[in-house]
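Okay, so here's the structure we're looking at.
Owing to the predicted nature of the structure, the values given are computational and were not obtained by experimental measurement. Letters A, B, ... are given to chains in the order of the sequence lines, protein chains preceding strands, and every chain is numbered from 1.
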Amino acid sequence: MASVKRIKIKELLSSKAFNSEVLAMGWVRTRRGNKNVAFIALNDGSTINNIQIVADVEVFSEDFLKDVSTGACISVEGTLVESPGAEQPVEIRAKKIEVIGKADPTTYPLQKKGHSLEFLREIAHLRPRTNTFGAVLRIRHSMAFAIHKYFNDKGFFYIHTPIVTGSDAEGAGAMFRVTTLDMENPPRTEDGKINWSEDFFGKEANLTVSGQLEGELAALALSDIYTFGPTFRAENSNTPRHLAEFWMIEPEMAFYDITDNMDLAEDFLKYLVRYALENCKDDLEFLNKMWDKELLERLQFVVDNPFVRLTYTEGVEILEKANQKWEFPVSWGVDLQSEHERYLVEKHFKKPVILTGYPRNIKAFYMKQNDDGKTVRAMDVLFPKIGEIIGGSQREEDYDKLYSRIKEMNIHEEQLWWYLETRKFGTAPHSGFGLGFERLLLFVTGMGNIRDVIPFPRTPKNCEF
RNA sequence: UCCUCUUUAGCUCAGUUGGUUAGAGCACAUGACUGUUAAUCAUGGGGUCCUAGGUUCAAGUCCUAGAAGAGGAGCCA
């Protein structure tokens, strides 16, 4: 197509190769100008910044330039020059412009002026072309990359745990069923129930709600592992912090106790935030300016300050003494409500908090029981604005204690025989936690709604795109 | 799922006590302008007032039901 090789706009903007011939391709953000000259702001997603294309009307007729409208895809060949304008270092003096894909201005939904996030959600197929979603998606990539880099550098192994699961044992919430049966006319057993033994897997199957149990199996062989994959919850949750399909990171480490686990969680989160500050500067500055004026300050604060660590019991004491009216009263043994968590994080300590030592009755069966017989070695990392960002624990490695807990809680032990066997054969103390990837992104981007930090959100009554 | 709020032009919103032809900004179209910075200026077109009932001489406005969206809560990551 062209004699020159296409260069991405991010590279062009920092180039010093003035007067060289370049080729750029991208989507038009705005066009403005007068009878003599037109200015085109071009973006290809490589950076939030646009490159300015200068087109003389002598060379490009006004009629031709009509097709170079907001949203159109064009390629531009021209000379890279220093820009006389103050807003950009370089610009391209166009010699040849080709309209690759028109965008009819009367029907193209995106305008150069800002749109509400609610409206953009309705056009999720086009919203990556906006500054905000370009920034969010680049940051999302950077965080995913940093997660793999962090664990790889520490000698952790990435384990792919199954997405389709035959057990609902973890009890982490309602599940999506996976089936190939004809739902109009399913096979029945003699007593009229659906005969799942005729289904694809010969038993009931669901989408995973957590890779943790399988992650533990791997940790009890490879020492340090992590998972990073999609997770599905069929809860009817309608909040800015929940998705039906989200991504979760679950490290699991042999020979880690709860303190090692907290140390890792804190170091991990700080590493990720620092990585964002160092590698996503342009995008973060845009989000700071546009949506959340305290974003950069808050990110820096998290990197610079140690997290507060306290026990559930200490937390409850603080809440009981607080001069505060609670919608849900606090006393030892109740699960903390978000008003309580927010008080501790946002009012009392004003920094991230790690809570440990929860009552055993409000936590999952696999958590390690303390000697007091009342509490378990759970930990929740609570962040300002978004609440629980990490939930984890030291795991119960003692077969008898684990087994009796499973019995107490009426969990189907026959679905967990493989999990129990790891405690029977060469058991070891181990710990792990789960980090909600989109919750992390809420914090790092400062966005207010989790549906705006994933490209195509799945929520109750919404599976478009 | 519960509570509260919202739904009027392509987008963001105003619309008085129920009263005649429902407005603004932006976008879009047309024109003007010798380097613009979400350019500017002038002119213009553009409406299922979310849906279905109801009250009334008269409903964008009041009532009932429903739908969709948002915020808070619960569940959790």
Tell me which donor-acceptor pairs under 3.5 Å the side chains of residues 269-277 of chain A have, and how far apart each pair is, sequence neighbours excluded?
| from | atom 1 | to | atom 2 | distance (Å) |
| --- | --- | --- | --- | --- |
| A/Lys270 | NZ | A/Glu266 | OE2 | 2.8 |
| A/Lys270 | NZ | A/Asn305 | O | 3.0 |

Could you run down the sub-3.5 Å N/O contacts of the protein with nucleotides 66-72 of chain B?
| from | atom 1 | to | atom 2 | distance (Å) |
| --- | --- | --- | --- | --- |
| B/rA70 | OP1 | A/Arg121 | NH1 | 2.6 |
| B/rA70 | OP1 | A/Arg451 | NH1 | 2.9 |
| B/rA70 | OP2 | A/Arg451 | NH1 | 2.9 |
| B/rG71 | OP1 | A/Asn449 | ND2 | 3.4 |
| B/rG71 | OP2 | A/Asn449 | ND2 | 3.4 |

Name the atoms and distances for all side-chain donor-acceptor pairs under 3.5 Å in residues 322-332 of chain A, with sequence neighbours left out.
| from | atom 1 | to | atom 2 | distance (Å) |
| --- | --- | --- | --- | --- |
| A/Trp326 | NE1 | A/Leu319 | O | 3.3 |
| A/Trp332 | NE1 | A/Thr313 | OG1 | 2.9 |

### Query
Where is the tightest heavy-atom contact between A/Ile92 and A/Ala24, given as atom of each residue plus distance?
CD1-CB, 4.0 Å
### Summary
In short, ring pair (Phe, Tyr, Trp, His ring centres under 6.0 Å) pairs touching residues 440-465 of chain A with sequence neighbours left out are A/His125-A/Phe465, A/Phe383-A/Phe443
### Task
Scan residues 441-465 of chain A for pairs that pass side-chain hydrogen bond (donor to acceptor under 3.5 Å, both in side chains), counting only residues two or more places apart or in two chains.
A/Arg121-A/Asp452, A/Arg127-A/Asp452
### Query
Ring-on-base stacking between A/Phe246 and B/rA77, under 5.5 Å between centres and under 30° between planes: is it there?
yes
### Query
Using atom C1' of each nucleotide, how far apart are B/rA52 and B/rC5 to the nearest Å?
22 Å
### Message
Could you write out RNA chain B as dot-bracket? Rules: Watson-Crick or G-U wobble, both distances under 3.5 Å, brackets [ ] for crossings, | for pairs with another strand, dot for unpaired.
### Response
(((((((..((((.....[...)))).(((((.......))))).....(((((..]....))))))))))))....
### Task
Heavy atoms only: give me the nearest A/Ile123-A/Pro109 pair and the separation to one decimal.
CD1-CB, 4.1 Å
### Task
Could you please name the option among B/rC75, B/rA73, B/rA77 that lies closest to any side-chain atom of A/Arg439?
B/rA77
### Query
Of A/Val54 and A/Asn236, whose nearest nucleotide on RNA chain B comes first from the 5' end?
A/Asn236
#### Entry: A/Phe133: ring-ring contact (aromatic ring centres under 6.0 Å, His included) partners, not counting sequence neighbours
none
### Query
With a 4.0 Å cut-off on heavy atoms, is A/Ile389 in touch with a base, just the backbone sugar-phosphate, or nothing at all?
sugar-phosphate
### Query
Nearest to the side chain of A/Gln337 - B/rU36, B/rA73, B/rU12?
B/rA73
## Note on the structure
ring pair (Phe, Tyr, Trp, His ring centres under 6.0 Å) pairs touching residues 8-44 of chain A, sequence neighbours excluded, are none
### Task
Mind jotting down which residue pairs meet the ring pair (Phe, Tyr, Trp, His ring centres under 6.0 Å) criterion with at least one end in residues 69-90 of chain A? Sequence neighbours excluded, please.
none
Listed pairs, N/O of protein and of nucleotides 39-43 of chain B, under 3.5 Å:
| from | atom 1 | to | atom 2 | distance (Å) |
| --- | --- | --- | --- | --- |
| B/rA39 | OP1 | A/Lys112 | NZ | 3.1 |
| B/rA39 | OP2 | A/Thr30 | OG1 | 3.2 |
| B/rA39 | OP2 | A/Arg32 | NH1 | 2.2 |
| B/rA39 | N6 | A/Gly33 | O | 2.9 |

Distance-only donor-acceptor hits, side chain of residues 346-358 of chain A, under 3.5 Å, sequence neighbours excluded:
| from | atom 1 | to | atom 2 | distance (Å) |
| --- | --- | --- | --- | --- |
| A/Glu346 | OE2 | A/Lys385 | N | 2.9 |
| A/Lys350 | NZ | A/Lys347 | O | 3.3 |
| A/Tyr358 | OH | A/Asp380 | OD2 | 3.3 |

### Salt bridge flag under 4.0 Å for residues A/Glu408 and A/Arg405
yes
### Task
Indicate, with yes or no, if the rings of A/Phe156 and A/Tyr150 have centres closer together than 6.0 Å.
no
### Message
For a quick test of reading the model, state the closest non-hydrogen atom pair linking A/Ser15 to A/Leu80 and the distance between them.
### Response
OG-CD2, 3.5 Å
Do any N or O atoms of the protein come closer than 3.5 Å to N or O atoms of nucleotides 7-10 of chain B, and which pairs are they?
| from | atom 1 | to | atom 2 | distance (Å) |
| --- | --- | --- | --- | --- |
| B/rG10 | N2 | A/Gln111 | OE1 | 3.4 |
| B/rG10 | N2 | A/Gln111 | NE2 | 2.8 |
| B/rG10 | N3 | A/Gln111 | NE2 | 3.3 |

### Query
Toward the 5' end of RNA chain B, which comes first, A/Glu62 or A/His115, by nearest nucleotide?
A/His115
